[in-house]
Amino acid sequence: MGAGPACGDGRTPHALSEMTTGAWASRGEVRLLEQAVQRVVSEWIAAEGWQDVSEIVVERPADHSHGDYATPVCLQLAKSARRAPRVLAEELRGRLLADAEISELVETVDVAGPGFVNLTMSAPALSGAVRAMLAAGEDVGRGVRERPLHVLLEYVSVNPNGPLHVGHARYAAYGNTLSRIMAFSGHKVSTEFYINDYGRQMEMFGRSVAARYAQALGLDLPVPEDGYQGEYVKSIAAAVITEIGDSMLEELRIGGLEDADSTAIGFFRVRGYELVLEQMGADLESFGVGFDRWFSETPLHAEGRVQETIDKLLASGDAYARDDAVWLRTTPFGDDKDRVLIRSNERPTYFAADIAYHLDKLERGFDHLINIWGADHHGYVPRMKAAVEILSHDPEMLEIIIGQMVNLLEEGELRQMSTRRGEMVTLAELVDAVGVDAARFFLVMRSHDQTLDLDLALARRQSAENPVYYVQYAHARIAGILRNLPAEQAAWLSDEGGLVPAAAEGLFELTYERELIKSLAWFPQLVIEAADRRAPHRVVGYAQELAGLFHVFYKNCRVIGVEPVVSRSRVGLCLASQRVLARCLDLLGVSAPESM
RNA sequence: GCGCCUGUAGCUCAGUCGGAUAGAGCGUUGGUCUACGAAACCAAAGGUCACAGGUUCGAAUCCUGUCAGGCGCGCCA
């Protein structure tokens, strides 16, 4: 796969959706029942000569009375086999029970409903799963890819002309969490912030800083009509004054703000954006978001690389001149119209620089490029994908993830944000209000293509009831339990391998234990799904489910003061639960407290 | 007008690429700490999955149309 014609459904790039398994599973410590069932079914289909089904579904039924695993495959096969689903299900049941591998892992195999085959795990399968998790240690759930990809993930990427607001915070949290998940799932991920430090918006920003600088020194230069009115610009101007005093004032008095190429305006633009960028880096860092590289747009222009890229496109015939401008031929690749690279005033467009940037990415040899953009840029997607396809000849090389917006509410009232008017709630303010953990958890809790309502007043007031604490509490609770184990029991922890026997009387026979183990055993697959579907919010949902199952288990199952074998195995279950919870929180960039 | 995203409980949202009786949190009501952490647990109430057709053994999920909301449709970035 990978080299053939595009066959993706547009939601998952086919290059990334190859079959994979968690490390501890693929090492053979646990033979996943699911895979064994799939094997038996496909052998059966081949033997009978039936038409293959697209995927042999083996799922965890929502209803526990339907067993631990279930497959509806007989319903799908009925037509091709020309036999009643329940008859097929009975035959499959026999085949499953006759299989050496499955019979060991399975307690019961039942035919139910219109033709489902339901399986329940055997005690050895349950204890084997826990033993394998403990053996994997901190790496439990880490994925191994048959073909790991080196992915470049670009996100946040804004004009450095103002503080990051909560909309940016969402993309920062999403992108950072995604990078952690993809890396943990077995890919190699590099992250990058593209600094849009060039162009008209930045010139306007430079003028705005200059105006505030002049004003602070008693020269009445008004901030331009389309300039940046926010208070933070005054702070920047003040910072500049402490650095250079009034040494730029005279030049502003003479030259004013009009000439963008003047040394004064240029100075304020550059110094202003450096200060903003510094703050951005600090804010992101304290938010748990770091980048492998910060890539500045300006050198692409200064070093002539934008022009080189355009020349290359002209030479290949993908670009052409018309109406005093230069255009890129993007329509053959699904765009509505061709796009301008060089304006009739001879200045290159933002798009032209972005192409040069993406050419740079391609030349660095990544297998796959991912950009995360806000919904307000989605109209830009077809031209960018067209450009990368022209450069790479691979329509799937670039994947653009569109994140929907954040609606900021205050007591249910919508608050509009505008960087230019300086009306916004910043990332830093959000973190001050609710803390990093709650902010990150909340921002990735929902699917990225759902607009997110964030009520600041509510978030502030309910901070003690935030769902993040539910998960953190489960982790802290386990830590507390293990910390307070009596000496004899505490000694068990030094021999994790000996905690859970392969089989014993009373071992994991309660529903609470079984449900918890099943959920834990699902984790490696959850990681793969969250990574391949670019869906960090699944990790949140999973962590909540797991925490809930642990709380119920703990409420109903004594860990200490029961049969030694049962007691030891439950300590093992606590330990495995704690590790998986800690890993989930780590993937989300949320702390896993030992106590709270 | 065209394109993208969305429409599921009072509110905010999940829903394992088409599976069995649609779930969670918050909110509401009522229970549970003289054995390991009550930031927890248990129970109750609450649904025309926007609407109408279609595809099939089976649809919240896929297709078509309608309605509603958000975003976009520059030689701005």
Side-chain angles (χ1 to χ4, degrees), chain A residues 9 11-12 17 54-55 57 59-63 65-66 70-72 75-76 78-79 84-85 112-116 118 158-159 161 196 198-202 226 297 323-327 336-337 339-345 347-351 353-354 374-382 402-405 407 412 445-455 458 462 464-467 469-470 472-474 476-486 489 522 525-526 529 533 537-538 540-542 544-545 547-548 550-552 554-561 567 570 574 595-596:
Chain A
D9 58 8
R11 297 167 71 180
T12 306
S17 59
S54 56
E55 185 194 4
V57 175
E59 58 190 0
R60 298 187 305 163
D63 187 337
S65 70
H66 294 145
T71 178
L75 297 167
Q76 297 169 276
K79 185 174 251 177
F116 289 94
N118 298 338
V158 292
N159 284 128
N161 55 18
N196 300 154
Y198 185 92
R200 202 185 112 78
Q201 293 301 325
M202 290 310 296
D226 299 331
E297 175 181 353
D323 303 336
D324 295 328
V326 176
W327 302 69
D336 295 334
K337 49 186 276 198
R339 303 292 171 171
V340 171
L341 295 174
I342 300 182
R343 304 179 181 93
S344 48
N345 69 5
R347 305 189 65 162
T349 59
Y350 173 82
F351 181 45
D354 218 2
D376 52 344
H377 287 86
H378 81 256
Y380 192 78
V381 171
I402 296 299
Q404 294 300 313
M405 327 249 28
N407 287 327
M445 190 161 53
R446 308 309 184 190
S447 164
H448 70 272
D449 48 49
Q450 181 93 27
T451 46
L452 182 72
D453 283 341
L454 178 59
D455 193 317
L458 212 63
Q462 292 188 338
E465 296 169 23
N466 193 296
Y469 297 112
Y470 184 77
Q472 288 182 316
Y473 178 63
R477 201 178 197 186
I478 299 171
I481 294 159
L482 297 179
R483 189 167 55 232
N484 296 329
L485 282 179
Q489 279 90 349
W522 190 257
Q525 191 162 335
L526 179 275
E529 282 179 12
R533 295 162 77 155
H537 74 281
R538 277 176 185 268
V540 175
Y542 173 82
Q544 288 177 306
E545 174 194 294
F550 180 79
H551 287 310
V552 173
Y554 188 70
K555 195 75 185 175
N556 292 283
C557 302
R558 294 243 3 126
V559 174
I560 298 167
S567 186
R570 287 179 180 168
C574 286
S595 63
M596 50 192 292

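Only this structure's heavy atoms are used, side chains among them; waters, hydrogens and symmetry mates stay out. All chains are named by letter (A, B, ...) in the order of the sequence lines, taking the proteins before the strands, and each is independently numbered beginning at 1.
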[N] and [M]: how far apart are their [atom1] atoms, nearest whole angstrom?
| N | M | atom1 | value |
| --- | --- | --- | --- |
| B:rA50 | B:rU6 | C1' | 11 Å |
| B:rA60 | B:rU8 | P | 15 Å |
| B:rA9 | B:rA14 | P | 12 Å |
| B:rC11 | B:rG47 | P | 12 Å |
| B:rG53 | B:rU16 | C1' | 29 Å |
| B:rG15 | B:rA24 | C1' | 10 Å |
| B:rG25 | B:rA20 | C1' | 26 Å |
| B:rU12 | B:rG18 | P | 28 Å |

So does [Y] get a backbone contact from the side chain of [X], meaning a donor-acceptor N/O pair under 3.5 Å?
| X | Y | answer |
| --- | --- | --- |
| A:Arg343 | A:Pro348 | yes |
| A:Arg570 | A:Cys557 | no |
| A:Thr349 | A:Ile342 | no |

Quick one: label [X] by what it contacts on the DNA or RNA (base, sugar-phosphate, nothing), any heavy atom closer than 4.0 Å.
| X | value |
| --- | --- |
| A:Gly541 | nothing |
| A:Ser447 | sugar-phosphate |
| A:Cys557 | base |
| A:Ala375 | sugar-phosphate |
| A:Arg570 | nothing |
| A:Ala474 | nothing |

* State the syn/anti category of B:rC17 according to its glycosidic angle, syn meaning within 90° of 0. =>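 Anti, since the glycosidic angle lies more than 90° from 0.
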Which residues pass the side-chain hydrogen bond (donor to acceptor under 3.5 Å, both in side chains) test with [X], sequence neighbours left out?
| X | value |
| --- | --- |
| A:Asn196 | A:Tyr350 |
| A:Ser344 | none |
| A:His378 | none |
| A:Asp63 | A:Ser65 |

* Asked: If you pin A:Ala479 and A:Ala62 to their nearest nucleotides in RNA chain B, which one's is more 5'?
  ->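 Its nucleotide being nearer the 5' end, the pick is A:Ala62.
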* Residue whose closest nucleotide on RNA chain B lies nearer the 5' end, A:Arg558 versus A:Pro467 ->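 Its nearest nucleotide being more 5', the pick is A:Pro467.
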* Partners passing ring-ring contact (aromatic ring centres under 6.0 Å, His included) against A:Phe116 (at least two apart in sequence or in another chain) ->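 Partners of A:Phe116 under the ring-ring contact (aromatic ring centres under 6.0 Å, His included) test: none.
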* To do: Using ring-ring contact (aromatic ring centres under 6.0 Å, His included) as the criterion, list what pairs up with A:His448, not counting sequence neighbours.
  =>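 A:Tyr174.
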Nearest whole angstrom, please: distance from the [atom2] of [N] to the [atom1] of [X].
| X | N | atom1 | atom2 | answer |
| --- | --- | --- | --- | --- |
| A:Glu55 | B:rU16 | CD | P | 12 Å |
| A:Met596 | B:rA39 | CE | P | 9 Å |
| A:Arg533 | B:rG15 | CZ | C1' | 10 Å |
| A:Tyr542 | B:rG15 | OH | C1' | 17 Å |
| A:Glu59 | B:rG23 | CD | C1' | 15 Å |
| A:Gln544 | B:rG15 | CD | C1' | 13 Å |
| A:His537 | B:rC17 | NE2 | C1' | 13 Å |
| A:His448 | B:rA14 | NE2 | P | 11 Å |

* Would one find more than 12 heavy atoms of other residues, nucleotides or ligands at under 6.0 Å from atom CZ of A:Arg347? ->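 No - once you tally the heavy atoms of other residues, nucleotides and ligands closer than 6.0 Å, there are 12 at most.
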Are any non-hydrogen side-chain atoms of [X] and [Y] less than 4.5 angstrom apart?
| X | Y | result |
| --- | --- | --- |
| A:Ile478 | A:Tyr554 | no |
| A:Val340 | A:Phe351 | no |
| A:Ile560 | A:Gln489 | yes |
| A:Gln76 | A:Pro85 | no |
| A:Pro382 | A:Asp336 | no |

* On a plain distance test, is the side chain of A:Asn118 in donor-acceptor contact with the base of B:rA20 below 3.5 Å? ->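 Side chain to base: pair present.
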Are there any protein N/O atoms within less than 3.5 Å of an N/O atom in nucleotides 55-58 of chain B, and if so, which ones and at what distance?
unit_1, atom_1, unit_2, atom_2, d
B:rC57, OP1, A:Lys79, NZ, 3.3

* Listed partners of A:Glu59 passing salt bridge (Lys or Arg N to Asp or Glu O under 4.0 Å), at least two apart ->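 Salt bridge (Lys or Arg N to Asp or Glu O under 4.0 Å) check on A:Glu59 returns nothing, list empty.
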* Sort by first number and list every stem of RNA chain B: at least 3 consecutive Watson-Crick or G-U wobble pairs, both distances under 3.5 Å. =>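 When the pairs of RNA chain B are grouped into runs of at least three, the stems are B:1-7 with B:67-73, B:10-13 with B:23-26, B:28-32 with B:40-44, B:50-54 with B:62-66.
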Hey, what are the protein-to-nucleotides 74-77 of chain B N/O distances that come in under 3.5 Å?
unit_1, atom_1, unit_2, atom_2, d
B:rC75, OP2, A:Lys337, NZ, 3.4
B:rC75, O3', A:Arg343, NE, 3.1
B:rC75, O2, A:Ser344, N, 2.8
B:rC75, O2, A:Ser344, OG, 3.0
B:rC75, N3, A:Ser344, OG, 3.2
B:rC75, N4, A:Asp323, O, 3.3
B:rC76, OP2, A:Arg343, NE, 2.6
B:rC76, OP2, A:Arg343, NH2, 3.4
B:rC76, O3', A:Arg343, NH2, 3.2
B:rA77, OP1, A:Arg343, NH2, 2.6
B:rA77, OP2, A:Arg343, NH2, 2.8
B:rA77, OP2, A:Tyr350, N, 3.2
B:rA77, O3', A:Tyr198, O, 3.4
B:rA77, O2', A:Asn159, OD1, 2.8
B:rA77, O2', A:Asn159, ND2, 3.2
B:rA77, N3, A:His377, NE2, 3.4

Mind listing the N/O atom pairs, protein and nucleotides 41-44 of chain B, below 3.5 Å?
unit_1, atom_1, unit_2, atom_2, d
B:rC41, OP1, A:Tyr470, OH, 2.5

* To do: Report, as a single string ordered 5' to 3', how protein heavy atoms within less than 4.0 Å touch nucleotides 1-12 of chain B: B base, S sugar-phosphate only, - not at all.
  => --BBSS-----B
* Closest listed nucleotide, where the reference is the side chain of A:Trp522 and the choices are B:rC36, B:rU16, B:rC17 ->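 Nucleotide nearest to A:Trp522's side chain: B:rU16.
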* Asked: Taking the six-membered ring of A:Trp327 as reference, does the NZ or CZ atom of A:Arg339 fall below 6.0 Å from its centre and within a 45° cone about the axis?
  ->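 Judged by the rule, A:Arg339 and A:Trp327 form no cation-pi pair.
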